[in-house]
Amino acid sequence: MRRSLRTVLASDLIRHRIPEIAPTNANSFWEKVVSAADPDATVMAVASEKTPMPAAVVVRRVCRNVDEWLSLFSLFENWGTFVSPRLLQDLENEIREWARNPRRTFAWVVSTTAAPDRVHGLGARSAMSHPGPERALADEIITAIRQGVADGRLAGGDRITERYLAGQLRTTRGQVRSAMRLLEREGLLTIATGRAAVVPIPTTNDVVETYAARRSLGALVIRAAVRWSPGARQAVVRSLDVLEQHASTGDVYRTSEADIEFQNAIAAASGLVRIAPMLQVLAEHLRMFIAVMGLDYAYPIDAILRDNRAIFAAIDDGDGEAAVELWRTKMNDAMEYMLGQLAFAKQRPAGKA
């Protein structure tokens, strides 16, 4: 619910900056909207005033003021079944990013069929599989744990009960239990006795194993990506554009997040619908490692840009082997950096951040 609130407010922030569409261009606009959606999708439109819409738009809302924007909450409450909190966060970030420099048409379309070239938008994150309630709640649990660690309320080794999570996320203990089992299968949590989860304490072996898996799976993805479709290639280009934008500001955190999204975009472009989600789960492991270890993770931005530009160029040239070698080097360098940060964290005196 909090994530939905922030997304709606982010939308309202830029409403006055959206240029008006001349009546002669309206048909072209709606054609783009309808063609971007899956054939069986429910198309929803939100406008600042009443306007003609095609029959394909099933859900129509007019929001002239803040109160009417807030009326969307009842609609957003049902999104959890279809769109994970991470996707809503992505939407919010894209709206804010676009608001800073609205030079292009903003579009955000999530495909539930996992087809890479059906996902559009500035840095859009592809939905690899249909995110059911269990998956959506699992994402919320991980987000809550990482936030708790960042706030200092949780630490590695702490127990988190079903009751606590159910209260925090406003859901039932049974639903939390089911989502926790999913996270345990993915290695992101350990279930202890007493219906509680334990925040994992990463070890050197965890880091090495995770990067080894990403190195191997990524090689398969990249070899397949050399055959990407024009639409899939464009999605990767957009993710690289977002990375460049964050890098230009010197924001290490956002650049690191954009780096992971660039990798996920390549995975989506590969068309390997089973392997690509595995890479995304492993990325969650890395995010958890960074949060729990309390690392001042600041992998050099120039290295991220250099590596990703080179990988993209090699894939685009159809040189899969060169791209794979660049990927392996990138993974090895990132692993060595994280291991160095882990060693530093262990040597750091207790009680100091």
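Only a predicted model underlies this, so the values are computations on that prediction, with no experimental measurement involved.
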Would you compute the distance between atom [atom1] of [X] and atom [atom2] of [Y] and round it to the nearest 0.5 angstrom?
X      : Y      : atom1 : atom2 : value
Glu244 : Asn308 : CD    : CG    : 9.0 Å
Lys330 : Ile311 : NZ    : CD1   : 5.5 Å
Asp241 : Gln234 : CG    : CD    : 8.0 Å
Arg215 : Leu220 : CZ    : CG    : 13.0 Å
Met331 : Ser216 : CE    : OG    : 11.5 Å
Gln245 : Leu240 : CD    : CG    : 10.5 Å

For the student: nearest non-hydrogen atoms of [X] and [Y], plus distance:
X      : Y      : result
Ile142 : Leu183 : CG1-CD2, 3.6 Å
Ala323 : Ile315 : CB-CG1, 3.7 Å
Gly320 : Val226 : CA-CG1, 3.7 Å
Pro277 : Leu272 : CD-O, 4.2 Å
Ala247 : Leu305 : CB-CD1, 3.6 Å
Ala268 : Ala276 : N-CB, 4.5 Å

Co-membership, hydrophobic cluster, residues [X] and [Y], 4.5 Å side-chain:
X      : Y      : value
Val208 : Leu217 : yes
Ile222 : Met278 : yes
Ile145 : Ile191 : yes
Leu182 : Val198 : no
Ile260 : Tyr253 : no

| side chain to side chain contact (heavy atoms under 4.5 Å, CB included) between Trp228 and Asp316: does it pass, once the steps are laid out? | CA-CA 9 Å; Trp228 56 26; Asp316 212 28; 3.5 Å; yes

Please tell me if the side chains of [X] and [Y] come closer than 4.5 Å, counting only heavy atoms from C-beta onward.
X      : Y      : value
Thr210 : Met335 : no
Glu140 : Gln168 : no
Leu165 : Met180 : yes
Tyr337 : Asp333 : no
Leu286 : Tyr211 : yes
Asp307 : Thr329 : no
Leu189 : Ile160 : no
Phe312 : Val237 : yes

Spell out, as yes or no, whether a donor-acceptor pair under 3.5 Å connects the side chain of [X] to the backbone of [Y].
X      : Y      : answer
Ser178 : Gly174 : no
Asp206 : Thr203 : yes
Tyr299 : Val252 : no
Trp327 : Arg214 : yes

| query | Can Glu321 and Arg328 be counted as an ion pair, charged N to O under 4.0 angstrom? | reply | no

| task | Using the side chain to side chain contact (heavy atoms under 4.5 Å, CB included) rule, take Arg238 and Val242 through it: C-alpha gap first, then chi angles, then the decisive distance, then the call. | result | CA-CA 6 Å; Arg238 285 193 294 267; Val242 172; 5.7 Å; no

| Any side-chain donor-acceptor pair under 3.5 Å between Asp259 and Gln263? | yes

| query | What do you reckon, is CD of Glu184 surrounded by more than 12 foreign heavy atoms closer than 6.0 Å? | reply | yes

